[in-house]
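See below for the structure under consideration.
Order of the sequence lines sets the chain letters (A, B, ...), proteins ahead of strands, with each chain counted from 1.
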2 protein chains.
Amino acid sequence: MKQKRSTNSREVILDAAEAVVQGRGALGLTLDAVAARAGVSKGGLLYHFPSKDALLEAMVARIARMARQHFTEELAKEPEGRGRHAHVFLRMLLGGKGSFFPLLQRMATPLFVAIAGNPELLAPMRAAYGELHQAMIQDGLPPERAWLILSALDGIKFWRILQFMEPSGLELKRLRILLERLIDGEEVV
Amino acid sequence: MKQKRSTNSREVILDAAEAVVQGRGALGLTLDAVAARAGVSKGGLLYHFPSKDALLEAMVARIARMARQHFTEELAKEPEGRGRHAHVFLRMLLGGKGSFFPLLQRMATPLFVAIAGNPELLAPMRAAYGELHQAMIQDGLPPERAWLILSALDGIKFWRILQFMEPSGLELKRLRILLERLIDGEEVV
DNA sequence: GTCTATATCAAGATAGAC
DNA sequence: GTCTATCTTGATATAGAC
């Protein structure tokens, strides 16, 4: 909201930065590459983002904002009741027609670059996660189950980001059912 | 086993590389820094590892080997029975006196650097994980539970690596009990 | 087997024109 | 607000002496 006219250029540059990072990997995210992709000169880029760190920060911030908005929208569709937040989060990551996966892939590598360069850029995300855990507990979920849901879904998220493991569709479906039982069930043997 | 005498120098350099990466972060892992820390010249370093990529590969390989050895040793202590591999893996990551955490921290950042630069370096780890999942299933664990255990423990592992979230000791203890029930229990409500 | 010296290159950043 | 030109730095890598 700080900018008025220049917002457009900023968005164009951020789009370009995401495209670069997705195409060339974390190490390929250079000011030169971003400027070329955005169709501006390096000087022009540095007018909008005075340093690479500033660019990274803006990338993380924009992605975090989008993820939050997506979550809020999904939450509005979810009926009241125990495990509400957990169900939404579960659907976002394992849901069939979940439109979240493209967003996830967009956020992946920038986050890694951010981590490598300046871990403090993660602070906003950390805060959001803390809030989510709290909300899950206030939904009526026992804390350790909330941690289990969060950690399992984050594990799968990281696997995808790193292209490390990818359970089959059937296995994911069964895992989802298991997690849903953990959210809704009263007792675990 | 390829080297005889020079093994020692290689180990010294790898130790130095780990120290550098731990002290200065992923971006601080430079040949200059490693050489200085190891007490050799850059030329000397490049004699043993002809490129930075070669150095990274050796770092990942050594860490993977250590983790594997640790797991094997722990497995030997574990009594036969259902969920054997799962219990060992659980203890490695959440166990009280688990000596695995220092090892985990040692492997964290190098892995990230490797991922950023050349994701293919992860291949050996991917293979090891696939084997672990198979072993868990052959232990008698339903596949979706095996995935749940693996993903949850990996999620927590990543949280730690990224210093993203850290549940309290009590919460971890309860989570561990919950996971143990999932390993041993017959049914989940 | 290890060192010094140096080549090469690309990146982030600045200054000032337009 | 954007561009060109340039500076500075630091990184990978090579060649050849010891």
Are the charged groups of A/R62 and A/D15 less than 4.0 angstrom apart, N to O? yes
Between CG on residue A/L75 and NE2 on residue A/H85, distance to nearest 0.5 Å: 4.5 Å
Between CH2 of B/W147 and CD of B/E144, what distance do you get to the nearest 0.5 Å? 12.0 Å
Between atom CG in A/L29 and atom P in C/dA11, what is the gap in whole Å? 11 Å
Does OP1 or OP2 of C/dA10 have a side-chain N or O of A/T30 closer than 4.0 Å? no
Report the distance from atom NZ of B/K52 to atom C1' of D/dT14, rounded to the nearest whole Å. 18 Å
Please report the distance, rounded to the nearest Å, between NE2 in A/H48 and P in D/dG1. 7 Å
How would you list all residue pairs meeting salt bridge (charged side-chain N to carboxylate O under 4.0 Å, His left out) that involve residues 35-52 of chain A, not counting sequence neighbours? A/D32-A/K42
In residues 36-46 of chain A, which ones come under 4.0 Å of DNA chain C, going by heavy atoms? A/K42, A/L46
In whole Å, what is the span from the CZ atom of A/F49 to the P atom of C/dT14? 16 Å
With distance as the sole test, does B/R145 use its side chain to make a donor-acceptor pair with the main-chain N or O of B/L182 at under 3.5 Å? yes
For A/L31 and C/dA13, give me the distance from atom CG to atom P, rounded to whole Å. 6 Å
Give A/D32 one of three labels, base, sugar-phosphate or nothing, depending on what nucleic acid heavy atoms sit under 4.0 Å from its own. sugar-phosphate
Connected via hydrophobic side-chain network under 4.5 Å: B/I177 and B/V88: no
For D/dG1, take OP1 and OP2 only and decide whether either is under 4.0 Å from a side-chain N or O of A/Y47. yes
So, is A/S9 near the phosphate of D/dT2, with a side-chain N or O under 4.0 Å from OP1 or OP2? yes
